[in-house]
2 protein chains.
Amino acid sequence: MDNMEDNIKCVTCTAPVNIAVIKYWGKRDEELVLPVNSSVSVTLDQAQLRAKTTVMASPSFPNDRMWLNGKEQSMDSKRIQNLLNEIKQWRKEKHNGDTCTDGLLMWKVHICSENNFPTAAGLASSAAGYACLAYSLAKLYNVEGDLSAIARRGSGSACRSMYGGFVEWDMGSQEDGSDSVSRQIASENHWPELRVLLLVVSDQQKSMGSTEGMQATLKTSQLMDRRIQCVPESVEKIKEAILKKDFKTFAEITMKDSNQFHAVCLDSCPPIFYLTDVSKQIIQLVHAFNSSCGITKVAYTFDAGPNACLYLLEEDVGRVLSLICHFFPPDKDDLNTFVQGLQTPSISPLKVLLWT
Amino acid sequence: MDNMEDNIKCVTCTAPVNIAVIKYWGKRDEELVLPVNSSVSVTLDQAQLRAKTTVMASPSFPNDRMWLNGKEQSMDSKRIQNLLNEIKQWRKEKHNGDTCTDGLLMWKVHICSENNFPTAAGLASSAAGYACLAYSLAKLYNVEGDLSAIARRGSGSACRSMYGGFVEWDMGSQEDGSDSVSRQIASENHWPELRVLLLVVSDQQKSMGSTEGMQATLKTSQLMDRRIQCVPESVEKIKEAILKKDFKTFAEITMKDSNQFHAVCLDSCPPIFYLTDVSKQIIQLVHAFNSSCGITKVAYTFDAGPNACLYLLEEDVGRVLSLICHFFPPDKDDLNTFVQGLQTPSISPLKVLLWT
């Protein structure tokens, strides 16, 4: 959508959420947001979860301003500034280099972003938000290129939200970060039976932000360098499992990587805890279920917070939802919102969000 | 105590509990109980915590039998059998080798062991128990030698309960385990200001026993080999800190090693969890307290369970107990038993066991 009447240029875009199966944890360059290891994620369907961003530029705006879910935010954030400066730089280079004094570049911008899911649900929304902002600004300034490198400047994992389906963020090796970009492993149509259940354990803000946590782990965990050595093999194996639609291998690597990520957090000093007793109960339930099935049917993964993301195949959604409902019965006032998302098999209600 | 009238030979001994500051986790030989790394512990005063074992041998006993805190236990345990066979072997070798047909060796034994603290408190009692058994049997059979090698056959960490004060269990390098023995780093009189607070978080049995857990970690954790590489340096540094009575270094290595041990448990597949939300709250409280003091005044360590062991200096016991009491107030019916152990500064009561 493009609108250039009355000296206002306006663009609106949406972007999806992604959930990592090989986690990004640790930057080798804070400023350029370059990671210490490659990561892999699954992009969720925008019908259930997405960020929507409108960017406007006008000569009549006295300042840059930004609203997130209707609430004004500071534009002083280094991440926002880096992202905005980087994309303006692209426009300058596209035109006359640093001498470019293009009107649009002088105009101030207004950014409005909102999510179609409760922010309070504690679901990582920054990846979708920054991906969306990068995409919208690229349209606004009419520049082209690998936008994952722009999104990355806002939030590392945002670069993986630039594609649907299964996505790898290659850590790259260049000092300037030019090869630290994402690419699609397989499209959203590749594995239509795959489903995701997001179990909202807590809607509290996390105790320690990712940026701070990553720095602490890199600086203090003695085990972290071993993790960094282990990741490349996990990345190759899970990419192969995705291409082959080998659920068992996909699930086992996913769980192992999640646990390893939380292990290096615990090995940090002071230790960083994201999993709670309820998170652990979910982990134990998944292992018990897989064990009773005699085959790995469900995988869990946890980001920097207590909420579980379960991967499973469509045919098992009913059984797993029933199980979760049995062990984690909803509060009375949650009955109607306990399950959200795609239509699910008829079961007792539970606080589960369901997406492709 | 020795008693040899009426054809009954009877010996009673006591042995102390020890709490590791560098953890033992993983065996390189299951049968001989040889560890993958050396470990270091502090032996607690027997006035507060000890095991007491009476062993009797008589030609009138038809079978070997054993009672633990008044309840009969099976003697089929491989650990008990290994320990008993090993010490009988020592007696044989002391006399005429394998041809020895000494009457005492033919007699059946009765073993009665009890702890002076509630078994339900979830405090590791097997170390004290097996140390005591090894010592009592050595007296019974009148053999001499490094008894830590005998105690080790019952439970690895038992070998560290053979000495008071600060003890190292050297992993050794011999295949037959002959050099995998414990030795005293410093005596119980070396650091009289050091105190221990044991915080009983749960008196439940642990979900996964140590033997099984160690095997799982060695087999499945990718981070474990890095831990094994890191331990020797930690052992050397903490021994130096103990000898210098350098509390800060002692405390920091203790906390780091505890967290690293729980990190490799979490990195196992399926993951092993011993810390609960309450354990984590204690960890966070200790870091917050140290941070507010501007110096490391308290160290925590957690064995294969949720109960915390805090090391601190005598001068800080009052403040720390008050803090614990504030954040973890006792239930009404626990008021009288909330604090046990040495006399403590006057504070509100809380469920804390206090020892030298």
Side-chain angles (χ1 to χ4, degrees), chain A residues 201-202 207-208 216-217 220-234 237 251-291 296 298-302 306, chain B residues 201-202 207-208 216-217 220-234 237 251-291 296 298-302 306:
Chain A
V201 169
S202 165
S207 52
M208 179 176 274
T217 301
T220 63
S221 166
Q222 290 181 307
L223 304 178
M224 181 59 174
D225 61 346
R226 178 55 43 95
R227 166 162 171 76
I228 294 170
Q229 289 168 0
C230 292
V231 168
E233 191 185 334
S234 305
K237 282 189 176 169
E252 286 169 2
I253 297 173
T254 296
M255 292 188 279
K256 211 159 167 37
D257 190 76
S258 174
N259 291 329
Q260 189 169 85
F261 152 53
H262 291 281
V264 295
C265 287
L266 174 51
D267 187 49
S268 307
C269 183
I272 304 165
F273 297 103
Y274 291 120
L275 304 178
T276 65
D277 285 351
V278 174
S279 311
K280 284 184 234 168
Q281 285 158 13
I282 293 169
I283 288 174
Q284 283 161 344
L285 183 62
V286 168
H287 285 289
F289 179 73
N290 287 337
S291 179
T296 304
V298 185
Y300 54 79
T301 187
F302 293 81
Chain B
V201 169
S202 165
S207 51
M208 179 175 274
T217 301
T220 63
S221 166
Q222 291 182 307
L223 304 179
M224 182 60 174
D225 60 346
R226 179 55 44 95
R227 165 162 172 76
I228 295 170
Q229 288 168 1
C230 292
V231 169
E233 192 185 334
S234 305
K237 282 189 175 167
E252 285 169 3
I253 296 173
T254 295
M255 292 188 279
K256 212 160 166 38
D257 190 76
S258 174
N259 291 329
Q260 190 171 84
F261 152 53
H262 291 281
V264 295
C265 287
L266 175 50
D267 187 49
S268 307
C269 184
I272 305 165
F273 297 103
Y274 291 119
L275 304 178
T276 65
D277 284 351
V278 175
S279 312
K280 284 183 233 167
Q281 286 159 14
I282 293 169
I283 288 174
Q284 284 161 343
L285 183 62
V286 168
H287 284 288
F289 178 74
N290 286 338
S291 179
T296 304
V298 185
Y300 54 78
T301 186
F302 294 81

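To find a chain, count down the sequence lines: A is the first, B the second, and so on, and within it residues start at 1. Quick caveat, the model's predicted, so the values are computed rather than measured.
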Output the option from B/Asp267, B/Ile283, B/Asn290, B/Asp277 having the highest count of non-hydrogen pairs under 4.5 Å with chain A.
B/Asp277
Part of B/His262 lying under 4.5 Å from any heavy atom of chain A:
both
Return the option, out of B/Ser268, B/Pro270, B/Cys269, with the maximum number of heavy-atom pairs under 4.5 Å with chain A.
B/Pro270
Of all residues at least two apart in sequence or in a different chain, which pass the side-chain hydrogen bond (donor to acceptor under 3.5 Å, both in side chains) check with B/Glu233?
B/Lys237
Roughly how far, to the nearest 0.5 Å, is CD of B/Gln222 from CG of A/Asn259?
11.0 Å
Checked A/Cys230, A/Ala263, A/Ser258 vs chain B; the most non-hydrogen pairs under 4.5 Å come from A/Ala263
Can you name the closest pair of heavy atoms from A/Leu266 and B/Leu275 and give their distance?
CD1-CD1, 4.4 Å
Chain B contact via A/Glu252 - side chain, backbone, both or neither, heavy atoms under 4.5 Å
neither
If you compare all heavy atoms of A/Leu223 against all heavy atoms of B/Arg227, which two are closest, and at what distance to 0.1 Å?
CD2-N, 3.8 Å
So, using side-chain hydrogen bond (donor to acceptor under 3.5 Å, both in side chains) as the criterion, who are the partners of B/Thr301 when residues are at least two apart?
B/Lys23
Measuring heavy-atom distances to chain A, does B/Gln229 have an atom under 4.5 Å in its side chain, in its backbone, in both, or in neither?
side chain
Out of curiosity, A/Lys280 NZ to B/Tyr274 OH, how far, rounded to the nearest 0.5 Å?
12.0 Å
